[in-house]
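Written out below as structure tokens is the structure these notes cover.
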Amino acid sequence: MSEDFASRVYQVTASIPYGRVTTFGRIARALGSPRSARMVGWALNRSPRELNLPAHRVVNRNGVLSGALHFGHPDAMADLLREEGVTFVDEITVDLDAFVWDPAEDPSLDELFVFPD
DNA sequence: AGTTTGACAGTAT
DNA sequence: GATACTGCCAAAC
């Protein structure tokens with residue numbers, strides 16, 4: 001399976017359950033490149049709006065809404081998450097421990113995994 | 001064609 | 001424990 005990195009990022013992102021969040025690192029790890037978290041950010045940045053990706057559910061390892069600035073208005077991202085029931089420990093920080101979702105734990109994403117034998 | 005930059009993360013100091 | 005440095009890979013300059 002040799003799809004573009006970005007495409008795989010979109011697929012994983014689209015798979016984030018409602019009311020849950022995940023991190024750049026976890027997405028990267030799920031794709032087989034634990035050290036390419038930056039690429040996830042790069043991919044999301046250039047992600048077409050047509051895909052309707054729930055990118056607001058992607059936060060950094062601290063649970064901080066690092067991408068809030070890319071949502072038109074910074075608070076838009078936080079509002080969306082609150083509406084999904086996600087609680088915040090700070091104005092820009094979600095309760096990651098309580099709502100984090102690890103793509104690698106979801107069996108339905110097996111096809112995306114890139115485990116090197 | 002070399003350099004810089006990114007919605008980051010892990011390790012080292 | 002907080003800061004600094006490095007890795008990652010593609011795109012824009």
Side-chain angles (χ1 to χ4, degrees):
Chain A
M1 80 158 65
S2 312
E3 296 234 341
D4 288 335
F5 188 90
S7 297
R8 282 179 279 164
V9 172
Y10 301 156
Q11 294 180 60
V12 174
T13 304
S15 304
I16 303 173
Y18 181 94
R20 292 296 201 78
V21 296
T22 193
T23 68
F24 296 92
R26 277 160 201 259
I27 293 175
R29 195 181 59 178
L31 295 178
S33 301
R35 308 308 160 88
S36 58
R38 301 180 85 175
M39 298 310 305
V40 176
W42 162 81
L44 288 179
N45 186 16
R46 80 180 293 285
S47 71
R49 292 173 180 280
E50 292 74 47
L51 294 181
N52 254 342
L53 291 180
H56 56 276
R57 299 180 187 143
V58 183
V59 300
N60 67 15
R61 71 170 188 84
N62 296 311
V64 176
L65 311 185
S66 47
L69 297 172
H70 295 271
F71 275 81
H73 190 64
D75 293 329
M77 185 171 178
D79 285 336
L80 286 171
L81 290 172
R82 286 198 200 94
E83 227 175 288
E84 297 188 358
V86 177
T87 60
F88 285 67
V89 300
D90 184 359
E91 193 57 32
I92 60 167
T93 309
V94 300
D95 191 349
L96 191 56
D97 292 323
F99 295 97
V100 69
W101 172 79
D102 193 333
E105 291 177 358
D106 192 320
S108 70
L109 293 177
D110 279 351
E111 301 175 15
L112 297 177
F113 297 171
V114 185
F115 294 134
D117 284 318

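Within every chain, numbering begins at 1; the chains are lettered A, B, ... in the order of the sequence lines, protein sequences first and strands thereafter.
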Which of A/L81, A/N62, A/T87 passes side-chain contact (heavy atoms from CB on, under 4.5 Å) with A/V94? Answer is A/L81
Check each of A/T13, A/I16, A/V12, A/T23 against A/P103 using the side-chain contact (heavy atoms from CB on, under 4.5 Å) test, and report the only one that passes.
-> A/V12
Closest-nucleotide 5' rank along DNA chain B - winner of A/N60 and A/R38 = A/R38
Does CZ in A/R46 sit with more than 12 non-hydrogen atoms of other residues, nucleotides or ligands closer than 6.0 Å?
-> no
Take the protein atom [atom1] of [X] and the nucleotide atom [atom2] of [N], then report the distance between them rounded to whole Å.
X     : N      : atom1 : atom2 : result
A/R8  : C/dA10 : CZ    : C1'   : 13 Å
A/R61 : C/dA2  : CZ    : P     : 11 Å
A/H70 : B/dT5  : NE2   : P     : 15 Å
A/F24 : B/dG10 : CZ    : C1'   : 16 Å
A/R46 : B/dT5  : CZ    : P     : 21 Å
A/I92 : B/dA7  : CD1   : C1'   : 13 Å
A/L65 : B/dC8  : CG    : C1'   : 15 Å
A/N45 : B/dG6  : CG    : C1'   : 8 Å

Any side-chain N or O of A/S66 less than 4.0 Å from the OP1 or OP2 oxygen of B/dC8?
-> yes
Could you please name the option among [options] that lies closest to any side-chain atom of [X]?
X     : options              : result
A/R35 : C/dC8, B/dA7, B/dA9  : C/dC8
A/T23 : B/dA9, B/dA7, C/dA10 : B/dA9
A/M39 : C/dA10, B/dC8, B/dA7 : C/dA10
A/S36 : B/dC8, B/dG6, C/dC8  : C/dC8
A/F71 : B/dC8, B/dG6, B/dA7  : B/dA7

Each residue besides A/I92 in its hydrophobic cluster should be listed here, by chain and number; the cluster joins Ile, Leu, Val, Met, Phe, Trp and Tyr at side-chain heavy-atom distances under 4.5 Å.
-> A/V64
NZ/NE/NH1/NH2 to OD/OE distance under 4.0 Å, A/R29 and A/E105 = no
What is the nucleic acid contact for A/A55, judged by heavy atoms within less than 4.0 Å: base, sugar-phosphate only, or nothing?
-> base
